[in-house]
Protein chains: 2
Amino acid sequence: MSAAPSVPNFGCTCARMRKLTRRLTRIYDAHLAAQAIKVTQYSLLANAAAGERTLSELAAELEMDRSTLSRNLAPLAAQGWVEISVGADSRSRSISVTAAGRRKLKAVLPLWRKAQCEIESLLGTKSVGTLHQDIEHALAALPMLSGKRA
Amino acid sequence: MSAAPSVPNFGCTCARMRKLTRRLTRIYDAHLAAQAIKVTQYSLLANAAAGERTLSELAAELEMDRSTLSRNLAPLAAQGWVEISVGADSRSRSISVTAAGRRKLKAVLPLWRKAQCEIESLLGTKSVGTLHQDIEHALAALPMLSGKRA
DNA sequence: CGCGTATAGGTGTAGTTACACCCATATGCT
DNA sequence: AGCATATGGGTGTAACTACACCTATACGCG
């Protein structure tokens with residue numbers, strides 16, 4: 001099926017991805033609501049907890065515009081979960097997760113796990129696996145196009 | 001691999017989806033930029049072109065919050081691509097694509113096609129197929145959770 | 001040392017997304 | 001007819017996303 005892409009709506013990979021992303025985000029957010037945190041924030045916090053890095057480094061990892069990351073960090077900083085300090089290079093900002101941030105991560109983890117388990121039980125562990133593989137394959141094959149070209 | 005979901009970042013389906021969605025959106029947007037339209041807007045316009053419907057009906061199809069759709073339609077209406085008129089039920093709004101909107105769709109289609117073809121050639125037609133299948137499967141299996149519960 | 005350029009972040013602007021809440025209208029029941 | 005309730009949309013608020021552009025700092029070269 002779908003020999004040539006002629007019907008945009010049904011065949012648009014981006015639109016489909018976005019639709020599923022909306023659905024997934026709502027499901028995760030519903031689970032995490034009890035801890036008053038969104039899946040986007042939890043994910044960002046968890047990434048930041050992997051080690052202190054500059055804003056640019058973290059943005060590159062997440063393939064997110066630096067300005068986007070800057071703004072997404074703001075609510076986390078406001079809650080005291082991350083600290084944004086001036087780095088060695090005084091132009092740069094060093095992002096680190098605070099003790100409160102680590103406590104928050106611990107508190108949210110079981111809720112995230114429940115969400116993830118729900119997804120896996122609804123989709124089947126196997127399906128989730130292939131979905132992850134597909135995503136990984138796409139991330140490996142597609143150009144990043146992030147921020148500035150070259 | 002990934003027996004039990006213990007490492008949130010790497011195993012979070014939502015985070016992975018969001019990351020790939022960011023990447024895809026940037027790629028499509030780069031192609032569509034020549035026609036000064038975003039893939040989200042093009043997709044919405046194409047959906048709306050399938051037939052005149054109320055805002056709620058369209059929102060249900062797209063699984064988008066009604067307020068979200070309302071706001072996403074605003075720029076399209078501002079460009080004169082869609083018309084938002086009062087429906088039979090005077091509380092409702094009827095969304096229809098204008099002649100200009102259809103012309104726009106025609107003009108953008110080749111750009112969208114180029115984007116979609118680039119994706120398919122980078123990923124492989126087969127991979128895109130399985131990705132679409134996985135997405136479809138997920139959309140069929142996961143609860144909508146949209147708007148108001150029940 | 002000083003100047004030109006490159007780099008790190010922030011701001012302005014704009015669009016995407018959703019929840020809570022409000023207003024207006026429609027509907028149903030008495 | 002009249003009131004209670006349900007439903008369709010809009011607004012307020014807040015977060016996510018990115019591009020263009022600006023500022024400040026760093027770095028390299030003469």
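Not measured: the values here are computed from a predicted model. By convention in this document, chain letters (A, B, ...) are assigned in the order of the sequence lines, proteins followed by strands, and residues within each chain are numbered from 1.
D:dG9 atom P lies 8 Å from atom CD1 of B:I95, rounded to whole Å. Rounded to whole Å, atom C1' of D:dA18 lies 11 Å from atom CG of A:N72. If you take CZ of B:R53 and P of D:dG9, they are 13 Å apart, rounded to a whole angstrom. To the nearest angstrom, C1' of D:dG12 lies 13 Å from CG of B:D65. Nucleotide C:dT16 holds its P atom 7 Å from the NZ atom of B:K38, rounded to whole Å. Rounding to whole angstrom units, CG of residue A:D89 and C1' of D:dG28 are separated by 15 Å. At whole-Å resolution of the value, CE in A:M144 and C1' in D:dA18 are 17 Å apart. Separating the CZ atom of A:R26 from the P atom of C:dC19 is a distance of 7 Å, rounded to the nearest angstrom.
Between A:R91 and A:R22, the residue anchored nearer the 5' end of DNA chain C, judged by the nucleotide with its closest heavy atom, is A:R91.
Of the candidate nucleotides C:dA8, C:dT17, D:dG10, C:dT17 has the atom nearest to the side chain of A:R18.
The NE2 atom of A:H137 sits 13.5 Å away from the OG1 atom of A:T130 when rounded to the nearest 0.5 Å.
For the OP1/OP2 pair of C:dA26 and a distance below 4.0 Å, the side-chain nitrogens and oxygens of B:S90 include at least one atom meeting the criterion. Taking 4.0 angstrom as the limit, B:S67 places none of its side-chain polar atoms (N or O) nearer than this to OP1 or OP2 of C:dA18. Under 4.0 angstrom from either OP1 or OP2 of C:dA14 there lies no side-chain N or O belonging to B:Q41.
Side-chain contact annotation: B:T98 with B:E83, donor-acceptor N/O pair under 3.5 Å absent. Side chain to side chain, A:Q35 and A:K104 meet the donor-acceptor criterion of an N or O pair below 3.5 Å.
Across all strands shown, A:T40 has heavy atoms under 4.0 Å from sugar-phosphate atoms exclusively, and none from any base. Within 4.0 Å of B:T25, counting heavy atoms only, lies no atom of the nucleic acid at all. Nucleic acid contact for B:S56: sugar-phosphate only, since backbone atoms but no base atoms lie under 4.0 Å from a heavy atom of the residue.
In this structure a side-chain-to-backbone donor-acceptor pair under 3.5 Å is missing from A:S92 to A:T54.
Between the side chain of A:R71 and the base of C:dT13 there is at least one donor-acceptor pair of N/O atoms closer than 3.5 Å.
Of the residues A:R66, A:R93, A:R91, the one that meets the side chain to side chain contact (heavy atoms under 4.5 Å, CB included) test with A:S56 is A:R66.
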